[in-house]
Q: 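Let me begin by handing over the structure; questions about it come next.
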Amino acid sequence: MTMSRLGIYVHIPFCVGKCPYCDFYSVTSDCEQRERFVRALTDDIKENADKRYIVDSIYFGGGTPTTLSEKQLDSIMKAVNNSFVVSEDVEITIEANPCTVGEISFKGLRSIGFNRISFGVQSCVDDELRALGRLHSFAQAESCVRAACNAGFENISCDLMLGIIGQDIDSLKYSVDTLCSWPITHISAYMLSIEQGTPYDNDAVRSAIASEDMVADMYLYAVNRLNNNGFEQYEISNFCREDKYSRHNMKYWSREDYVGFGPSAHSFRNGKRYYYERDIEKYITDRKSILKIEDAYCNVLEEYVMLSLRTCIGMDISKYIEYGGNEQKVSALSKELVKHGLAENDGSHLKLTPKGFLVSNSIMTELM
Amino acid sequence: MKQENIRNFCIIAHIDHGKSTLADRILELTSTVALRDMEDQLLDNMDIERERGITIKARAVKLKYTSLSGEEYIFNLIDTPGHVDFNYEVSRSLAACEGAILVVDASQGIEAQTLANTYLAIEHDLEVMPVINKIDLPSADPERACNEIENIIGIPAMDAPRISAKTGLNVRDVLERVITDIPAPKGDENAPVQALIFDSYYDSYKGVIIYVRVKQGTLRVGDTIKLMATGAQFLTVEIGSMGATDLVPTGELKAGEVGYIAASIKNIGDTRVGDTVTTVENPCSEPLPGYKKVNPMVFSGVYPADGAKYQDLRDALDKLALNDASLSFEPETSVALGFGFRCGFLGLLHMEIIQERLEREYNLDLITTAPSVIYKVILTSGETLYIDNPTNYPDPTLIASAEEPMVEAHIFSPSEHVGNIMELCQQRRGIFKDMKYLEENRVDLHYDLPLNEIVYDFFDALKSRTRGYASFDYELKGYAKSKLVKLDILLNGEMVDALSFIVHADNAYARARKMVERLKDNIPRQMFEVPVQAAIGGKIIARETVKAYRKDVLAKCYGGDITRKKKLLEKQKEGKKRMRQLGSVEVPQEAFMSVLKLDD
């Protein structure tokens, strides 16, 4: 009998400083708190030990996981290995900030077991990095990537931001081409969005950032340029070489099971969605109290629409109908979308084009 | 109370000249309302009335006043709506009185509406008693106001009480003058009952409450009454007078008195304002003069923004109609908007008020179509049609001639704005009749205007061109031949029936251009480019394009937080419900409203 596959997500909620646009949960911390956190986290993992699953992806996200020491990261990894059956070809990713890796060695990360690393590079132009409030410079980012490569990381991802204050098509071209010339396998190209409650959430920033039309142009440009450089798009914001898509993210989009540890981490298991609230101290002292079920009965149709249409495989129309979708609605919409160049329909799948990805929310809500 | 000690009167005033404030002071002085119950503008008890400073429904209150000479009097104060839309109701309220207090703002002088209502009062043989209000204002010019009253209306005003309703200054003089200047009612208490209905409303416990003025005879609880115009008969279960805050049963109403009747009446349509109440046992021979059935002048399609709320809208209209016999509605269907109602209103204000009450009191989101008047179309076959819905306008090849309703309008304004007003009236196809100087700096402009030109936004346009100083009044004059065309709007190549309207051929092109521009500005960018076109009989005469939006995407996946994304999308989907899906185009309510306001 084949075992069910499972992804594991570990949220390390610490950062040296908070980027003004970032909405992920992170705090600045001291050694003592980090130590207590790691203890709670490993306890959490052990308590949830389950050897019925085979883990094929482990993802350390944040925050900035590299704010922890090698020893701490290792103890977390050991807890995972002791609690779950881990597949031989497991993909183990760690997110890293190009300015915090200085304290730990890439060799160290490799020896703990990490075989994929994701850098928040964002841009190859220092002015743009400053506009984003990033603490690293382009040179630092480049040397980090090179060092990781030299340490044996064969699967490296870099984030690229679109729509930064001051960014234009030319500077975007420079960033794309530079990233593509590096020994990396994966690029996530996100459009800057202003999240509620972040320091960026103000009118001054709103008026300074690129217009929607401009960002849309940048996106289409980036998709095209990345493609020409051998990075194939497989999701709205994700591109890879040699089929090195992010195994972990693919789980989100294909509704496979994953379990998250740490405050603000989300889980999806047996059709249920649950998560830990964003509270590090509670997580350490009484994590049961912040474990919340958010969706006990997922609407499969809605989730299938919004997740499958993010990918370049697209939405299987027969599945959509099987899940209760309206056949006439999808066929009428599909015709309009194809007519306007927003989607392709090969008879079995409805697949959005880059232009369609740009308005994917509207398309999804039509079908949900 | 002896008839000699009863006074029935109303107050005539322009908006904001202080009618309701004066009424409040009178209520205070007669101790009708305990001070703790005193709320500003007690008689205007609908929220909309208070906010807009207008009276929509007539209302009445019985006051006890002890004069300076020590004698006791009963005052029946009948509050009347001031707006032209409710002209008929005003005239019935006036018919219930022997006198009217004319309140004129000492800083503003006489306005068009005041004049119209004052003439109406004089027509009904009412004693008009001028009062100069707001003399406490620095800009007050009581002499000028008195002169205006004497010169324009032609009644003596030099000894009119000069008051400040706000501070209460000299208000007692007004009450004393009511006794001396306004005649007491007459009428034989023993004659057959003849009572005028001047208002009615629906009470969920007692049924319809009719407000009456008894002209002759005596009405008693237990009498079976007959409403002469509708022929309906009812057994009276309660009769009494109107206190300021509640009804006070008295058991009977005698000639000269004002009061209410409750007779378990279920349908307000039976109790038409202006009808005569008599008794079955001893009926009067003739009804009181002046009754007419009021007919709506302005029509508009009213649709629920959410199609599922159709039944709610019907229930709300049913309930409003319980209190408003002049509101008419019947179901209609629009290709674009689905199921809704064709509603008939007395005028624009009436329409706005009904819409506002539906939205506010019944919590409905509405889409209303452009107001239409009733066009008279004579077909080549000789048949005459009356069209109140542009959708039903016949094909041009079938039309021999068409006529549209005209109004006779008076605009009062400081003379410096005459140029602007004339320009506006010209644009609205007005026919200049004459211009009179009311005094050195104020004129009365007299125009004939097509009703369909004033139902959109004429009053707003007038206000903005005269910095708010002009006042405006009109009455229906009859039909006139006109070159009319039906203008259709197409979105993404598909006609939207709810946006069609009738326009004069000479204005069609300009109107079409403005319509498509407004729509373009008010329809949000869509997934696709949307052409917005205006056409007459299939020929496109104007076009704009709503651009496609480019970006509507959640780039990130927030670390497996699928629910958050889902909620965002669900919220977006919810937002779409406020839009109307017309073919493949989403049109927000505001777009339907925007085409109504065409003035720049």
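What you see is a predicted model; the values in this text were computed from it and never measured. Within every chain, numbering begins at 1; the chains are lettered A, B, ... in the order of the sequence lines, protein sequences first and strands thereafter.
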Q: I'd like to verify something: which residue of A:Ala332, A:Ala216, A:Gly61 has the highest number of heavy-atom pairs under 4.5 Å with chain B?
A: A:Ala216

Q: Would you say that more than 12 heavy atoms from the other residues, nucleotides or ligands in this model lie under 6.0 Å from the CG of B:Asp395, or not?
A: yes

Q: Does B:Arg550 pair with A:Asp217 as a salt bridge, N-O distance under 4.0 Å?
A: yes

Q: Rounded to the nearest 0.5 Å, how far apart are CZ of B:Phe528 and CG of A:Leu337?
A: 5.0 Å

Q: Can you confirm whether more than 12 heavy atoms, excluding those of A:Ile290, are under 6.0 Å from its CD1 atom?
A: yes

Q: Only pairs of heavy atoms separated by less than 4.5 Å count here; which of A:Leu162, A:Asn361, A:Leu358, A:Leu342 has the most with chain B?
A: A:Asn361

Q: B:Glu570 versus A:Met306: any side-chain heavy-atom pair under 4.5 Å?
A: no

Q: OH of A:Tyr245: more than 12 outside heavy atoms within 6.0 angstrom?
A: no

Q: For residues A:Ser362 and B:Gln572, determine if any side-chain heavy atom of one lies less than 4.5 Å from a side-chain heavy atom of the other.
A: yes

Q: Check this for me, if you would: do A:Glu302 and B:Lys567 make a salt bridge, where the nitrogen-to-carboxylate-oxygen distance has to be below 4.0 angstrom?
A: no

Q: May I ask you to say whether A:Glu303 pairs ionically with B:Lys566, meaning some side-chain N is under 4.0 Å from a carboxylate O?
A: yes

Q: Side chains of B:Met527 and A:Glu366: closer than 4.5 Å at any heavy-atom pair?
A: yes

Q: Donor-acceptor check, side chain of B:Lys551 to backbone of A:Val215, threshold 3.5 angstrom: yes or no?
A: no

Q: So with a 6.0 Å cut-off around NZ of A:Lys329, is the heavy-atom count from everything else above 12?
A: yes

Q: To the nearest 0.5 Å, what is the distance between CE on A:Met364 and CG on B:Leu569?
A: 6.5 Å

Q: Side-chain contact test, heavy atoms from C-beta onward, threshold under 4.5 Å: evaluate it for B:Val553 versus A:Met191 and give yes or no.
A: yes

Q: Are there residues of residues 268-279 of chain A whose heavy atoms fall under 4.5 Å of chain B's heavy atoms? If so, which?
A: A:Arg273, A:Arg278

Q: Say you draw a straight line from CG of B:Asp552 to CD1 of A:Ile363; how long is it, rounded to the nearest 0.5 Å?
A: 9.0 Å

Q: What is the distance from atom CG of A:Leu367 to atom NZ of B:Lys573, rounded to the nearest 0.5 Å?
A: 9.5 Å

Q: Considering residues, nucleotides and ligands other than B:Lys463, do more than 12 of their heavy atoms fall under 6.0 Å from its NZ?
A: yes

Q: Hey, mind stepping through B:Arg564 and A:Glu195 against salt bridge (Lys or Arg N to Asp or Glu O under 4.0 Å) and telling me if it holds?
A: CA-CA 13 Å; B:Arg564 173 170 168 181; A:Glu195 304 294 343; 3.2 Å; yes

